[in-house]
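Worksheet: one structure, shown below.
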Amino acid sequence: MTRPAGSAGGSVGVGSLCVLVASVLWGTTGTAATFAPAVGPLAIGAAAMGLGGLLQALVAAPRIAREMSALRAQRGVVVLGALAVGAYPLAFYTSMHLAGVAAGTVVSIGSAPLASAVIERVVDKRRLTRRWMTGAALGLSGTVLLCMAEAAQAHSGPGAHSVRTTVLGVGLGLVAGFTYAVYSWAAHRLISRGVSSGAAMGAVFGLGGLLLLPVLLATGAPLLGSWSDAAVGTYMALVPMFAGYVLFGWGLAHVPASTATTLSLLEPAVAAVLAVLVVGERLPPLGWTGIALVVGCLAVLTTPTRTAPPTRTAPRALVSTAEPDERAESPEKATPARHPAEW
């Protein structure tokens with residue numbers, strides 16, 4: 001593995017850890033939403049992502065002001081990311097409401113790595129590595145098993161979901177996964193072009209939060225109906241959305257969006273476990289197998305690789321006089337440096 005000069009494996013590890021911690025925080029959102037049953041999914045999503053996004057913009061305001069020229073140069077990316085931020089929570093929380101906490105989370109987050117990979121391949125011409133493909137295969141297989149396990153419970157129990165609502169929920173989950181991939185790509189694009197993670201996340205999520213304010217004003221009255229409902233809205237805005245996306249922004253500074261969205265497959269596993277332990281949903285053995293595969297995906301993507309010992313550099317005179325076929329025998333000298341996350 002060849003690393004660009006100035007980068008270190010430790011930075012990739014820190015970035016991966018930030019994404020994983022963010023994923024654990026995000027995994028609590030579906031369970032937290034069940035403690036405010038009188039609040040609709042649109043209000044929950046608008047409050048969580050809208051207020052959380054505005055808070056990110058407020059905290060990052062000095063950085064945004066300093067880097068305004070760079071953000072204006074990439075205004076198309078900022079607007080695209082903000083539109084995705086505005087659409088994501090509405091689709092995500094409605095998906096969980098219709099299909100169930102576990103299934104909605106699994107489909108939304110499980111489809112994001114594929115969408116991210118397609119975006120990076122088409123737009124950025126990024127090569128998909130074997131390590132990412134192995135991890136993604138494990139993670140996506142696990143999310144499929146989790147989804148199948150949830151679907152098997154669709155007709156059982158008092159809280160069963162009809163086939164029609166489950167299918168609609170899954171469709172909205174795919175929309176959520178795509179928009180998640182879009183704003184992750186947009187934030188990483190800004191960071192890779194010299195914008196700090198604070199300014200990038202603050203600009204994208206702040207503008208997205210502004211787009212969600214009308215939805216919050218139209219649907220958010222139940223959040224003020226009781227202290228418990230208000231507490232749920234406050235928790236969602238401050239912990240999973242504000243703190244979680246600050247960590248996610250730090251992670252995007254060190255790993256590409258496709259890797260970050262794949263690492264965030266931990267979220268549906270956390271959501272499924274919490275749905276069983278707290279909400280009371282049942283998860284058959286097939287679902288636990290899916291969780292095990294997701295854990296295997298995370299192990300593949302986060303386990304450090306062995307770094308080859310440095311090769312001895314030949315004297316300049318010898319290199320300059322070598323025959324072309326002799327230089328071709330040392331492919332590592334001709335291999336371009338890759339991104340530290342492209343294992």
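A quick note: this is a predicted structure, and the numbers were derived from the prediction, not measured.
Among all heavy-atom pairs drawn from Ala200 and Ile191, the shortest one is CB-CG1, 3.9 Å. Taking each heavy atom of Gly202 and Ala60 in turn, the nearest pair found is CA-CB, 4.2 Å. Ala82 approaches Leu211 most closely through the heavy-atom pair O-CD1, 3.7 Å. Annotation for Ala33 and Ile44: closest pair CB-CG2, 4.4 Å, computed over non-hydrogen atoms. Nearest heavy-atom pair across Val85 and Met49 is CG1-CG, 4.0 Å. Considering all non-hydrogen atoms of both residues, Ala186 and Val77 come closest at O-CG1, 3.5 Å.
Taking CG from Leu247 and CE from Met201, the interatomic distance works out to 9.5 Å, rounded to the nearest 0.5 Å. From Arg189, atom CZ reaches atom CG of Leu80 across 10.5 Å, with rounding to the nearest 0.5 Å. How far OG1 of Thr165 is from CG of Leu172: 11.0 Å, rounded to the nearest 0.5 Å. Rounded to the nearest 0.5 Å, atoms NE2 (His97) and CG (Leu42) are 9.5 Å apart. If you take CD on Gln56 and CD1 on Ile64, they are separated by 9.0 Å, rounding to the nearest 0.5 Å.
For residues 62-84, there are no ring pair (Phe, Tyr, Trp, His ring centres under 6.0 Å) pairs, not counting sequence neighbours. The stretch residues 69-96 participates, sequence neighbours left out, in these side chain to side chain donor-acceptor pair (under 3.5 Å) pairs: Gln74-Arg193. Sorted by first and then second residue, the ring pair (Phe, Tyr, Trp, His ring centres under 6.0 Å) pairs involving residues 103-128 (not counting sequence neighbours) form an empty list. Listed by first and then second residue, the ring pair (Phe, Tyr, Trp, His ring centres under 6.0 Å) pairs involving residues 35-64 amount to none (not counting sequence neighbours). Pairs of residues two or more places apart, or lying in two chains, never qualify as salt bridge (Lys or Arg N to Asp or Glu O under 4.0 Å) while including a residue from residues 79-88.
Looking only at side-chain heavy atoms (C-beta outward), Tyr183 and Tyr245 come within less than 4.5 Å of each other. A 4.5 Å side-chain heavy-atom check between Val255 and Ser16 finds at least one atom pair inside the cut-off. Counting heavy atoms from C-beta on, the side chains of Leu252 and Ser197 never come closer than 4.5 Å. A 4.5 Å side-chain heavy-atom check between Phe248 and Ser184 finds at least one atom pair inside the cut-off.
Evaluation of the salt bridge (charged side-chain N to carboxylate O under 4.0 Å, His left out) rule for Glu67 yields no partner, not counting sequence neighbours. With sequence neighbours left out, the salt bridge (charged side-chain N to carboxylate O under 4.0 Å, His left out) criterion links Arg63 to no other residue. Remark: Trp185 engages Asp124 in a side-chain hydrogen bond (donor to acceptor under 3.5 Å, both in side chains) (not counting sequence neighbours). For the side chain to side chain contact (heavy atoms under 4.5 Å, CB included) test, residues two or more places apart in sequence or in another chain that qualify with Leu286 are Leu145, Met148, Ala149. Contacts of Ala243 classified as side chain to side chain contact (heavy atoms under 4.5 Å, CB included), with partners at least two apart in sequence or in another chain: Leu25.
Hydrophobic clustering of Ile, Leu, Val, Met, Phe, Trp and Tyr side chains at less than 4.5 Å, counting indirect connections, unites Met241 with Val24. In the hydrophobic clustering of ILVMFWY residues, with side-chain heavy atoms under 4.5 Å counting as a link, Val175 and Val167 come out apart.
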Distance-only criterion, 3.5 Å: show the donor-acceptor pairs between side-chain atoms of residues 213-238 and protein atoms not counting sequence neighbours.
from	atom 1	to	atom 2	distance (Å)
Thr219	OG1	Val215	O	2.7
Ser226	OG	Ser228	OG	3.1
Ser226	OG	Asp229	N	3.2
Ser226	OG	Asp229	OD2	3.2
Thr234	OG1	Ala230	O	2.9
Tyr235	OH	Thr28	OG1	2.8

Mind listing the side-chain donor-acceptor pairs of residues 261-268 below 3.5 Å, one per line with the distance, residues two or more places apart or on another chain?
from	atom 1	to	atom 2	distance (Å)
Thr261	OG1	Ser116	OG	3.2
Thr261	OG1	Ala257	O	2.9
Thr261	OG1	Ser258	O	3.1
Thr262	OG1	Trp132	NE1	2.9
Thr262	OG1	Ser258	O	2.7
Ser264	OG	Tyr180	OH	2.9
Ser264	OG	Thr261	O	2.6

